Student: 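Sharing a structure here in structure tokens format.
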Number of protein chains: 2
Amino acid sequence: MSNVQSLERALTLLNIMSDYPDGIQISRLAEQANLSKSTIHRLLSTLISMKYVTQDKKTEKYMLGYQILFLSRNMTADSGIISAARPLLERLCEDINETIHLCVEDSSEVVYIDKIESNQTIRMYSRIGSRNPMYCTGVGKILLSGMTPSDYDHAVSSIDFVKRTAKTIGSLEELEEEIALVKKQGYALDNIENEEGIRCIAAPIRDFHGNIIASFSVSGPVHRITMERVNDELVRKVRETAKAISHELGFRG
Amino acid sequence: MSNVQSLERALTLLNIMSDYPDGIQISRLAEQANLSKSTIHRLLSTLISMKYVTQDKKTEKYMLGYQILFLSRNMTADSGIISAARPLLERLCEDINETIHLCVEDSSEVVYIDKIESNQTIRMYSRIGSRNPMYCTGVGKILLSGMTPSDYDHAVSSIDFVKRTAKTIGSLEELEEEIALVKKQGYALDNIENEEGIRCIAAPIRDFHGNIIASFSVSGPVHRITMERVNDELVRKVRETAKAISHELGFRG
DNA sequence: AACAACGTTCCATAATACGGAACAAAAAAT
DNA sequence: ATTTTTTGTTCCGTATTATGGAACGTTGTT
């Protein structure tokens with residue numbers, strides 16, 4: 001469990017720099033990371049020599065280097081899912097005009113691996129690669145519902161049930177009930193459980209074995225994603241799209 | 001100039017892992033990196049805790065984590081160029097049906113930041129984020145041609161002139177001549193100077209100040225990219241596209 | 001059943017990373 | 001124009017931290 005200090009610090013610097021796409025100077029990094037300038041200077045020189053960081057010629061500010069781009073373009077583990085899902089999710093987005101997120105599970109969290117934005121003026125903030133807990137998101141519930149009992153137990157054991165809104169699930173028992181419902185229904189709701197004023201509906205993506213390997217959701221403000229719209233329109237369309245994507249991936253259910 | 005050893009090693013591990021998108025085990029990493037298993041294990045545990053690496057549940061192999069994806073999605077420094085250029089480069093690609101690369105300069109090298117692939121069966125291998133020297137590529141010559149004298153001197157001072165093919169430029173004097181020609185013509189050739197059997201033609205992308213901030217090239221095997229085709233068709237089309245992209249970016253020349 | 005390959009943990013050693021201090025250079029304030 | 005502040009860089013003695021061999025446990029193969 002003990003971590004390599006210098007490495008941990010350097011990765012923290014990368015994380016900070018990603019919040020400053022136009023660059024950040026050493027002094028600011030020192031404040032944000034609570035480290036001495038000399039330490040940061042030393043770490044940066046290694047990061048630069050490895051092209052993980054680059055220094056703007058004019059401003060002399062430091063920013064993420066192209067090696068990050070290089071690495072990101074070979075993470076093909078999920079590229080099959082993304083390319084299979086994208087056209088169908090784009091069609092769904094055009095139809096319903098709400099933001100869509102594609103997710104997988106990683107270390108018992110939900111990770112967003114793709115996103116299709118609506119052209120509504122009120123949009124959700126989210127970022128590809130960012131994370132959310134499983135118990136308070138529709139996509140997370142879907143992924144939980146597809147796990148083997150042992151994987152489920154493991155994923156669920158570490159949950160810290162935080163009340164993010166009034167409706168957030170607050171206990172293992174509640175969650176268990178909810179997951180049972182999700183299994184029965186074949187879709188999952190996040191009924192204002194993760195973020196105030198936001199409702200989502202999610203569905204599973206299966207591989208040719210029938211295993212749930214990803215999920216996607218339609219999200220938006222409650223005044224657009226009403227429960228009436230969910231029941232009258234979205235459940236059907238989301239399910240159809242989920243089925244079509246799974247079919248692309250070889251699932252014949 | 002002295003580097004932080006543990007950090008340098010960890011970044012090397014990331015580089016290696018990016019060659020194994022389906023994962024790699026510790027023992028193999030140990031071979032490739034010439035490090036003891038215990039060292040790698042320790043570095044990996046930090047990388048994992050920071051989500052820079054993830055471990056496949058089934059195979060237990062290690063692969064790049066989603067934090068890399070997260071970082072890469074906020075490197076907006078060039079996103080303006082990319083989004084301005086993409087539609088026009090796609091149109092050019094459809095027209096001529098050859099691979100197109102978009103590049104910027106970084107630490108006196110050419111970095112590929114976007115790529116549009118032709119649907120030819122014989123394609124070039126290349127990868128976004130990868131690098132090439134400036135003196136032997138069309139895109140590099142263009143970028144050199146746009147530099148201030150001091151930037152040019154700096155970029156050129158560190159060149160190690162390696163004969164990559166029979167036609168590769170071999171000296172500073174030759175390069176100087178070539179750059180002068182590029183400036184006059186407004187486009188640059190890589191006439192089988194970087195890779196055997198490959199010819200490229202490149203043109204500059206300018207910002208609203210008129211500064212050259214990027215370049216792109218059309219590349220392909222010499223039997224398709226003949227000098228006749230270059231002169232009769234490609235010079236004109238590449239220049240037109242370059243002008244249109246620069247216009248998008250505010251250049252009124 | 002024996003063996004091989006792999007991942008993980010432990011620990012004494014010394015190599016490595018650390019950060020304060022001092023310096024230089026640039027920017028801001030007077 | 002002069003002072004003051006802020007910023008980046010280099011140095012170096014200290015001790016904290018990273019290191020890798022060895023030993024152990026686990027899994028899979030012959």
Side-chain angles (χ1 to χ4, degrees), chain A residues 1-17 19-20 22-65 106-107 148 150-151 154 158, chain B residues 1-17 19-20 22-65 106-107 148 150-151 154 158:
Chain A
M1 282 293 100
S2 75
N3 274 343
V4 177
Q5 190 185 58
S6 57
L7 175 56
E8 192 170 44
R9 288 171 167 185
L11 299 181
T12 302
L13 292 185
L14 293 180
N15 292 347
I16 294 171
M17 278 184 259
D19 287 334
Y20 298 88
D22 296 327
I24 183 172
Q25 47 207 9
I26 282 192
S27 301
R28 298 289 147 76
L29 275 172
E31 292 167 18
Q32 298 248 350
N34 274 317
L35 291 172
S36 67
K37 281 191 293 177
S38 58
T39 299
I40 291 180
H41 188 264
R42 191 163 7 89
L43 294 173
L44 280 179
S45 82
T46 300
L47 288 167
I48 289 172
S49 77
M50 299 290 284
K51 314 282 185 192
Y52 280 69
V53 167
T54 191
Q55 197 172 7
D56 189 89
K57 271 183 180 160
K58 316 263 165 183
T59 65
E60 293 202 319
K61 288 180 176 177
Y62 295 93
M63 55 189 77
L64 294 178
D106 183 61
S107 56
T148 63
S150 71
D151 283 349
H154 177 257
S158 53
Chain B
M1 285 290 99
S2 74
N3 274 343
V4 179
Q5 189 185 59
S6 58
L7 175 55
E8 193 171 43
R9 288 173 167 182
L11 299 181
T12 302
L13 292 185
L14 293 180
N15 292 346
I16 294 171
M17 278 185 257
D19 287 334
Y20 299 87
D22 297 327
I24 182 172
Q25 46 206 9
I26 283 192
S27 301
R28 299 288 146 76
L29 274 172
E31 292 167 18
Q32 299 248 350
N34 274 316
L35 291 172
S36 67
K37 280 192 292 180
S38 57
T39 298
I40 290 180
H41 187 264
R42 191 162 10 87
L43 294 173
L44 280 179
S45 82
T46 299
L47 288 167
I48 290 172
S49 78
M50 298 291 284
K51 315 282 185 192
Y52 280 68
V53 167
T54 191
Q55 198 172 7
D56 189 90
K57 270 184 180 155
K58 316 263 165 183
T59 65
E60 293 202 318
K61 288 180 176 178
Y62 296 93
M63 55 190 76
L64 294 179
D106 184 62
S107 55
T148 63
S150 71
D151 282 349
H154 177 258
S158 53

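Each chain gets a letter, A, B and so on, in the order the sequences are listed, and its residues count up from 1. Since this is a predicted model, take the numbers as computed values, not measurements.
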Student: With sequence neighbours excluded, tell me which residues meet side chain to side chain contact (heavy atoms under 4.5 Å, CB included) with Thr148(A).
Tutor: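 Expected list: Ser150(A), Asp151(A).
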
Student: Sequence neighbours left out, what passes salt bridge (Lys or Arg N to Asp or Glu O under 4.0 Å) with Lys61(A)? Give chain and number order.
Tutor: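 Result, salt bridge (Lys or Arg N to Asp or Glu O under 4.0 Å) vs Lys61(A): none returned.
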
Student: Going from OG on Ser49(B) to CG on Asn3(A), what distance comes out if it is rounded to the nearest 0.5 angstrom?
Tutor: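 Result: 4.0 Å between the selected atoms.
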
Student: Would you please name every residue forming a side chain to side chain contact (heavy atoms under 4.5 Å, CB included) with Thr54(B), sequence neighbours left out?
Tutor: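 If we apply the side chain to side chain contact (heavy atoms under 4.5 Å, CB included) test to Thr54(B), skipping adjacent residues, the hits are Asp106(A), Met63(B).
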
Student: Round to the nearest Å and state the distance from His41(A) atom NE2 to dT9(D) atom P.
Tutor: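 Rounded to the whole Å, the gap is 4 Å.
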
Student: Can you tell me how far OH of Tyr52(A) sits from CG of Leu11(B), rounded to the nearest 0.5 angstrom?
Tutor: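 Separation between the atoms: 5.0 Å.
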
Student: Can you pull the salt bridge (Lys or Arg N to Asp or Glu O under 4.0 Å) pairs that have at least one residue in residues 43-53 of chain B, sequence neighbours excluded?
Tutor: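 Residue pairs with at least one partner in residues 43-53 of chain B: Glu109(A)-Lys51(B).
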
Student: Going by number, which of residues 46-64 of chain A have a non-hydrogen atom under 4.0 Å from DNA chain C?
Tutor: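 Contacts with DNA chain C under 4.0 Å: none.
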
Student: What range of DNA chain C does chain A touch, first nucleotide to last, counting atoms under 4.0 Å from its heavy atoms?
Tutor: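 In short, chain A contacts DNA chain C from dA17(C) to dG20(C).
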
Student: Applying side chain to side chain donor-acceptor pair (under 3.5 Å), can you list everything that pairs with Gln55(B), at least two apart in sequence or on another chain?
Tutor: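 Partners of Gln55(B) under the side chain to side chain donor-acceptor pair (under 3.5 Å) test: Tyr62(B).
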
Student: Counting distance only, does the side-chain N/O of Thr59(B) pair as donor-acceptor with the main-chain N or O of Asp56(B) below 3.5 Å?
Tutor: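 Not a single qualifying donor-acceptor pair exists.
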
Student: Quickly work out the Ile40(A) CD1 to dT10(D) C1' distance and round it to whole Å.
Tutor: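 Whole-Å distance recorded here is 16 Å.
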
Student: List in chain and number order the residues that pass side chain to side chain donor-acceptor pair (under 3.5 Å) with Lys57(B), two or more places apart in sequence or in another chain; answer none if no residue qualifies.
Tutor: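 Side chain to side chain donor-acceptor pair (under 3.5 Å) list for Lys57(B), sorted by chain: Glu105(A).
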
Student: In residues 25-37 of chain A, what donor-acceptor pairs under 3.5 Å come from side-chain atoms, sequence neighbours left out?
Tutor:
{"unit_1": "Gln32(A)", "atom_1": "NE2", "unit_2": "Tyr20(A)", "atom_2": "OH", "d": "2.7"}
{"unit_1": "Ser36(A)", "atom_1": "OG", "unit_2": "Ser38(A)", "atom_2": "OG", "d": "3.3"}
{"unit_1": "Ser36(A)", "atom_1": "OG", "unit_2": "Thr39(A)", "atom_2": "N", "d": "3.3"}
{"unit_1": "Ser36(A)", "atom_1": "OG", "unit_2": "Thr39(A)", "atom_2": "OG1", "d": "2.9"}

Student: Treating Thr46(B) as the side-chain partner and Leu7(A) as the backbone partner, does any N or O pair qualify as donor plus acceptor under 3.5 Å?
Tutor: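 Between the backbone of Leu7(A) and the side chain of Thr46(B) there is no qualifying donor-acceptor contact (under 3.5 Å).
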
Student: Over its full length, what angle do the end axes of the helix from dA1(C)-dT30(D) to dT30(C)-dA1(D) make, each axis taken from five pairs and the result rounded to 10 degrees?
Tutor: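 Comparing the first five pairs with the last five, the axes sit 40° apart.
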
Student: Using a cut-off of 4.0 Å between protein heavy atoms and nucleotide atoms, how would you tag nucleotides 17-30 of chain D 5' to 3' with B, S and -?
Tutor: SSBBB---------

